[in-house]
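In what follows, chains are A, B, ... by sequence order, proteins preceding strands, each numbered from 1.
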Protein chains: 2
Amino acid sequence: MKEDKEITIYDLAKHLKISAATVSRSLKDHPGISKSTKKKVQEAAKEMGYRSNNFARNLRKQKTNTIGVIVPKLNSYFVSSAIAGMEKIANENGYNLIISQSLESVKKEIANTITMFNSRVDGLLVSLAYDTENMEHFDVFFDKNIPVVFFDRVYEDSRSLNVIIDNYRNAYDITKHLIDEGCKRIMHIAGNLTRNVYAERCRGYKDALRDAGFEFQDELLIVNELSEEAGKELGKKILQMPNKPDAVFVANDVCAANCMQIIKTAGYSIPGDIAFAGFNNDPISKIVEPHLTTVNYPCYEMGEMAMRNLIDHLTGDGNISTTNKIILRSEIVVRASSLKGKGQ
Amino acid sequence: MKEDKEITIYDLAKHLKISAATVSRSLKDHPGISKSTKKKVQEAAKEMGYRSNNFARNLRKQKTNTIGVIVPKLNSYFVSSAIAGMEKIANENGYNLIISQSLESVKKEIANTITMFNSRVDGLLVSLAYDTENMEHFDVFFDKNIPVVFFDRVYEDSRSLNVIIDNYRNAYDITKHLIDEGCKRIMHIAGNLTRNVYAERCRGYKDALRDAGFEFQDELLIVNELSEEAGKELGKKILQMPNKPDAVFVANDVCAANCMQIIKTAGYSIPGDIAFAGFNNDPISKIVEPHLTTVNYPCYEMGEMAMRNLIDHLTGDGNISTTNKIILRSEIVVRASSLKGKGQ
DNA sequence: ATTTTTTATGCAATCGGTTGCAAATACAAA
DNA sequence: TTTGTATTTGCAACCGATTGCATAAAAAAT
């Protein structure tokens, strides 16, 4: 049954000769309404094609049932997987998602933050831009007690929940693995070191070196944007190094794979001459040859977890202020690119 | 300046000793309000930390400034890129995005459609699920004159705008290219043939064969889900064929790359023994070895275009009913995987 | 039959902007 | 000074659902 103009509870009320209040209560299964009335109302609602008006509802309840998501870039394996996980949980719980990208710029991140604030999202999920260096733009949320959950790229802040993996441990493990394979001159490629993820990975790398009795060397640490382009640049740079590394641990698979290609094309053998390891377990890591040793990052699960916690908090089932950090399980995946012993 | 409770236009009105109507008009730059008053209001608004309440506004205006997006899966190169493009345009025009995924099931697609309808999106952008076979669930939108734009996976329907590429032409070109390289037994791997994109690509493949004087052979057409997994399966299947193809044109890079790997691992040379071509120009196509010949699909631009047209329609700048189909430029990209002559 | 308790429903205010129409004020022309 | 016109502003009725409180109706207790 379809109508040209919207049916409201008043229309239903008039039709059933009862009050709008009763209709409203019947529709949301209020305990004070008799079963028979509820049934009558619900049937009439379906029959007349009633659809509830969320704005009226939100206006009255001062709640939006909408969650904002701000990510650096939508089109990356990690982000799209995480968002897929978020969407699933949000959808299951009746929440809508408003998504925007900072395109790796704080400036846009701030603008998005404001938009989200004005849209009155009930909560916010954020992975920080490449160059975000403080949290001031989130203060409005904290001030109003709107929960903010950071995932992956986070900022230590007692007012929010962080969902992450143990970047330090994984980087440590992967570096140790390279050392165990006999590598002695291990290079590390990181992203902006003020971002937790890259700082932690770098720290893991350094500690693993130290624990194995190696000394950290400045020239073996390179910071770049970890993009396809950056990977190619990196490859060229390595080719020009007089004293080449015998292993490269890159903080991201896409960059690693693109770098590997340059090195390989130049005639070096991988892992024979130079071993490689990446991070993320991006599908690309299973295609590039030799297959890339990496860290299995639970992207989808991270999205689910972050969303679930946010929603639990909103519904009062959980408390963001009691939980301050969630660390998901992740582990290194060894593939041919780092197996010096066995070769490819 | 921050307050504990929200500032409304009434607060501003009281503070400035004018009416709420004047405040409302001043804030949205209504022509009937004097410059001086406007300025006073706008300054006070900023100073008192006023933020407009969208629900009240939407409730009154019966418009949401929100656009719904339904896609099969968020975590694919094509979709995430397209959404990135959409988000950019939407954001620039003050629209919010509500995104949901059908996970390739009509059932969930229908559910999402209903959610979007109830959220009263101003317009809808859709790429259909794998198994959607009719448009009934969009009728509510058409009935209410809510514009629906389909992209990539579309359905011919006079009531909506379709944004696509020339799948037929590209498939024809790529098949012809394979023929020109000397391939005589070209296999085609398609997705569900009721989906326009796959049907068109298949048609292009067949016509190119015909025009070159080859006969289409049933056993050389395989339909699968075009996933990573399907690619691997496909590889195994080809290995078992007694009369192997000398070229494989897959409707999707991810599937093609994974298939290639199996074939290669089994000791066949590519393109020597079997040439390969894919579709999409997914980053993976530049990593797999040999690099994959494919079709450069303007994902990001398609997202932009679809969104721009939808918004133009909503603001009355364009008319969806006059434009029924937009075809974006796309072209084949020849790489080593199909160059029989030169080899890799 | 009367009072008490329980259950079911309605009244009316509220959420915060928007906007058609009327009224007030300003400014110009006569 | 008066009348006419243009410019500003305000009144008040929406938009549709929610909910505290009051009342009505039904059931139970006395």
Would you please classify the geometry between the F141(A) ring and the F117(A) ring as parallel, tilted or perpendicular, with 30° and 60° separating the classes?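 Judged by the thresholds at 30° and 60°, the geometry between F117(A) and F141(A) is perpendicular.
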Would a 4.5 Å heavy-atom cut-off, applied to side chains only, mark R120(A) and R51(B) as touching?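 Yes, close enough: below the 4.5 Å cut-off.
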On DNA chain D, check which nucleotide each of K38(B) and R51(A) is closest to and give me the residue with the more 5' one.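 Checking each residue's closest nucleotide, the 5'-ward one belongs to K38(B).
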Sugar-phosphate, base or nothing in reach of [X], heavy atoms under 4.0 Å:
X	result
I18(A)	sugar-phosphate
T8(B)	sugar-phosphate
F55(B)	nothing
S34(A)	sugar-phosphate

Length of the CD-P vector between E6(B) and dG16(C), whole Å: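 After rounding, the gap between these two atoms is 8 Å.
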Measure from NZ on K61(A) to C1' on dG16(C) and round the result to the nearest Å.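 Spelled out: NZ on K61(A) to C1' on dG16(C) is 18 Å.
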Between the base of [N] and the side chain of [X], is there a donor and acceptor pair under 3.5 angstrom?
X	N	answer
R120(A)	dG16(C)	no
R25(B)	dG10(D)	yes
R60(A)	dG20(D)	no

Reckon [X] has a side-chain N or O less than 4.0 Å from the OP1 or OP2 of [N]?
X	N	result
K63(B)	dC15(D)	no
Q62(B)	dC14(D)	no
S24(A)	dT18(D)	yes
K35(A)	dA8(C)	no
Y50(A)	dA17(D)	yes
T22(A)	dG10(C)	yes

As a test of reading the structure: which of dC11(D), dC15(D), dT18(D) is closest to the side chain of S19(B), going by heavy atoms?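 Nearest to the side chain of S19(B) among the choices is dC11(D).
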